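We count ligands from 1, going down the list as the structure has it; atoms in each ligand are counted the same way. Fair warning: this is a prediction, and the values are worked out from it, not measured in the lab.
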Amino acid sequence: MTSVDLVVVGAGVVGLAHAWHAVRRGLSVTVVERDEHAVGASVRNFGHGCFTAQDGVAFEYAMTAREEWLKLGREAGFWLRECGTVVKARHDDERAVLEELASVREISLTDEGAFLPLDIRVNPREAVHSIAALLASRGVTFLWSTNVLTVEPGLVRTSRGEIACRAAVVAVGHDVDRFFPDIAEERQIQRCRLRMLRVAHGGVIDPAVLTGFSMLRYEAFARCPSTQLVRERLSHDHPELVEAGLNLMFTQLPDGSLTIGDTHHYSRTVDPYRPEDLDDLVLTETARLLGVPSLHVLERWRGVYASAPEPFLTATPAPRVRAVSVTSGIGMTTALGLAPAVLDDLLQEL
Ligand SMILES: Cc1cc2nc3c(=O)[nH]c(=O)nc-3n(C[C@H](O)[C@H](O)[C@H](O)COP(=O)(O)OP(=O)(O)OC[C@H]3O[C@@H](n4cnc5c(N)ncnc54)[C@H](O)[C@@H]3O)c2cc1C
């Protein structure tokens, strides 16, 4: 039977973040992924390192993660833009939120709203695969197309046999309830389903772009007193958009096309049907934001992430085993800062 220091279950950004930090601490690491390459939330997102708009421990993780992204970008050689984020203020109450944010974060107020200089963008379709390739070149073993069945202290059973290990991290995103239903229930973990589209675009829009709708979704905005006014106005003027959980935002991919979105729907089991009117809402609002009559859709997809009242799940289902999931839709922003904290705690048990 193979034996390693650490088995990581899941090759999304959370699993890779643990593998990256563990291998740098000198541990032998095996990553087990059920698909032949990662196809989960980590490749379906905006690729937005949304550091500035986080708060509390998420902000701490985010700022650590920012340094790690820059290091990984250099070492793995993937496309990464230190482009910042523009937050468009289209109403006085949104401008007031940004003025309040400027008193706690280093951002610049501009004619159109605010510029958040620290944020970054990666191409999620490339970054996660590049990180896996870098880790493989540093000695991490990847078992692709291998389903993990059970995780116990010292032993991981997979569809291709057993692996002995000193410790294990289960980083399976929203599927944490498949392994640990009681923990998932206790932490009120649900699946959040998001609608995403990629549309053609002619010009260059380097920063990520957020709007007043985004102010309802990120914690640093939530702390600003005027955000309540934004919420009340948007709920009154656009109840269908607030009901759909719209976070009107976009990021540009290297080929110039825009990833646009998104809407949020919460349930434990994801409904398979996709009402077309949600995409219509996103397309109409994005066209309005860009000041164009219509948009040409190139791709549509659905993303799912774990969601819970607490932003992060780190649980100990058994000795020397950790279940880790980012339960707030900010795994690209925070995972690389969360992982060292998890490992500090886990390695004390060895
Ligand atoms: C549409 C969308 C947009 C988003 N935008 C952003 C953004 O711009 N910025 C940001 O910070 N965050 C964003 N997020 C959130 C972010 O993408 C997630 O928080 C993050 O990707 C979660 O990473 P993960 O590794 O936990 O999950 P995943 O990427 O889903 O990876 C989990 C992996 O575990 C594997 N797995 C599951 N079960 C098993 C098993 N039994 N055996 C082996 N492998 C298994 C799966 O195959 C999968 O590859 C977005 C999410 C979505 C869905």
Side-chain angles (χ1 to χ4, degrees), residues 7-19 30-51 53-54 58 61-62 65-66 69 85 119-124 127-129 131-132 142-151 156-160 168-180 189 191-198 208-210 214 217-218 245 247 249-251 259-265 270 282 300-307 311-313 323-339:
V7 169
V8 176
V9 187
V13 70
V14 175
L16 296 182
H18 285 82
T30 293
V31 177
V32 191
E33 165 57 50
R34 71 179 168 198
D35 279 301
E36 60 181 333
H37 51 84
V39 289
S42 303
V43 304
R44 301 180 189 205
N45 57 57
F46 290 97
H48 183 207
C50 183
F51 308 119
Q54 308 308 326
Y61 291 157
R66 183 177 193 280
W69 272 115
T85 297
D119 292 359
I120 62 161
R121 284 192 295 123
V122 297
N123 176 359
V128 175
H129 306 309
I131 295 171
F142 281 84
L143 300 179
W144 302 104
S145 303
T146 304
N147 193 34
V148 170
L149 307 171
T150 59
V151 181
V156 173
R157 289 197 173 84
T158 83
S159 51
R160 294 181 194 273
V169 169
V170 181
V172 293
H174 54 269
D175 284 339
V176 64
D177 60 346
R178 311 273 194 242
F179 282 90
F180 311 114
I189 292 178
R191 287 174 172 73
C192 177
R193 179 193 70 192
L194 301 90
R195 307 291 299 271
M196 301 285 283
L197 301 102
R198 187 167 73 85
V209 176
L210 301 182
S214 318
R217 304 210 67 89
Y218 297 110
N247 172 9
M249 66 172 286
F250 62 80
T251 52
T259 300
I260 71 170
D262 51 10
T263 60
H264 298 75
H265 177 80
V270 175
V282 172
R300 299 170 195 257
W301 65 99
R302 178 173 73 191
V304 180
Y305 64 68
S307 174
F312 302 98
L313 167 76
V324 184
S325 186
V326 178
T327 48
S328 45
I330 50 170
M332 295 295 274
T333 303
T334 56
L336 285 158
L338 165 67

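Taken from CG in Leu313 to CD1 in Ile189, the straight-line distance is 4.5 Å, to the nearest 0.5 Å. Once rounded to the nearest 0.5 Å, the distance linking OG of Ser328 with CD of Gln54 reads 7.5 Å. Residue Arg44 holds its CZ atom at 10.5 Å from CG of Leu194, rounded to the nearest 0.5 Å.
Looking only at side-chain heavy atoms (C-beta outward), Leu210 and Tyr218 come within less than 4.5 Å of each other. Proximity of Val43 to Trp301: side-chain heavy atoms (C-beta onward) are nowhere separated by under 4.5 Å. Contact annotation: the side chain of Val326 never approaches that of Tyr305 to less than 4.5 Å [non-hydrogen atoms, C-beta and beyond]. For the pair Trp69 and Ile131, the minimum side-chain heavy-atom distance is below 4.5 Å. Between Arg160 and Ser145 there is a side-chain heavy-atom pair separated by less than 4.5 Å. A 4.5 Å side-chain heavy-atom check between Arg191 and Asp177 finds at least one atom pair inside the cut-off. Tyr61 has its side chain out of reach of Ile330: every pair of non-hydrogen atoms, C-beta onward, lies at least 4.5 Å apart. Side-chain contact check for Met196 versus Phe46: some heavy-atom pair is nearer than 4.5 Å.
Heavy-atom separations between Ser325 and ligand 1 are all 4.0 Å or longer. Under a 4.0 angstrom heavy-atom cut-off, Leu16 registers as lying outside contact with ligand 1. Residue contact check for ligand 1: Cys50 places no non-hydrogen atom closer than 4.0 Å to it. Not a single heavy atom of Trp301 sits under 4.0 Å from any atom of ligand 1.
Counting all heavy atoms, side chain and backbone alike, Leu16 lies closest to Ala132 at CD1-N, 4.1 Å. Closest approach of Val31 and Ala19 over heavy atoms only: CG2-CB, 3.8 Å.
Those atoms of ligand 1 that come under 4.0 Å of a heavy atom in Thr333, given as number and element, are 9 (N), 10 (C), 11 (O). Counting the atoms of ligand 1 from 1 in the order shown, those under 4.0 Å from a heavy atom of Arg44 are 1 (C), 2 (C). Within ligand 1, counting atoms from 1 as listed, the ones closer than 4.0 Å to a heavy atom of Gly47 are 8 (O). Proximity to Val14 (heavy-atom distance under 4.0 Å) selects the following atoms of ligand 1: 23 (O), 24 (P), 25 (O), 26 (O). Each of the atoms 41 (N) of ligand 1 lies under 4.0 Å from some heavy atom of Phe179. When each atom of ligand 1 is checked for a heavy atom of Asn147 under 4.0 Å away, the hits are 40 (C), 41 (N), 42 (N). Of all the atoms in ligand 1, the ones that sit under 4.0 Å from a non-hydrogen atom of Ser42 are 20 (C), 21 (O), 23 (O), 24 (P), 25 (O), 28 (P), 29 (O). Near Gly303, the atoms of ligand 1 lying under 4.0 angstrom from a non-hydrogen atom of the residue are 53 (C).
For atom 14 (N) of ligand 1, the nearest non-hydrogen atom of the protein is Gly329 O, 3.4 Å. Considering only non-hydrogen protein atoms, atom 10 (C) of ligand 1 sits nearest to Met332 CB, 3.4 Å. Atom 9 (N) of ligand 1 has His48 O, 2.9 Å as its closest protein atom, hydrogens excluded (heavy atom only). For atom 31 (O) of ligand 1, the closest non-hydrogen atom on the protein side is Gly12 CA, 3.5 Å. The protein heavy atom nearest to atom 51 (C) of ligand 1 is Tyr305 CD2, 3.5 Å. Remark: minimum distance from atom 30 (O) of ligand 1 to any protein heavy atom is reached at Ala41 N, 3.1 Å. Looking at atom 27 (O) of ligand 1, its nearest protein heavy atom turns out to be Gly173 CA, 3.7 Å. When hydrogens are left out, the protein atom nearest atom 42 (N) of ligand 1 is Val148 N, 2.9 Å; that is the closest non-hydrogen contact.
Contact annotation: for Thr158 versus ligand 1, there are no heavy atoms closer than 4.0 Å. The residue Cys192 has no part lying near ligand 1, judged by heavy-atom distances below 4.0 Å. Contacts between Val128 and ligand 1 below 4.0 angstrom, taking non-hydrogen atoms only, are absent altogether.
Taking a cutoff of 4.0 Å between a charged side-chain nitrogen and a carboxylate oxygen, Asp175 and Arg34 qualify as a salt bridge.
Considering only non-hydrogen atoms, atom 32 (C) of ligand 1 lies nearest to Ala171 out of Ala171, Gly40, Ala17. When Asn45, Ile330, Val304 are ranked by how near their heavy atoms come to atom 5 (N) of ligand 1, first place goes to Asn45. For atom 37 (C) of ligand 1, the candidate residues are Glu33, Arg34, His37; the nearest heavy-atom contact is made by Arg34.
No N or O atom of Met249 sits closer than 3.5 Å to an N or O atom of ligand 1. Looking at ligand 1, you won't find any N or O of Val9 less than 3.5 Å from one of its N or O atoms. Considering backbone and side-chain atoms together, His174 places no N or O closer than 3.5 Å to any N or O of ligand 1.
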Side chain to side chain donor-acceptor pair (under 3.5 Å) assessment of Thr263 paired with Arg195: CA-CA 5 Å; Thr263 60; Arg195 307 291 299 271; 5.4 Å; no

Steps toward side chain to side chain contact (heavy atoms under 4.5 Å, CB included) verdict (Met249, Thr85): CA-CA 10 Å; Met249 66 172 286; Thr85 297; over 6 Å; no

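Of the possible donor and acceptor atoms, one in the side chain of Thr146 sits under 3.5 Å from a partner among the backbone N and O of Trp144.
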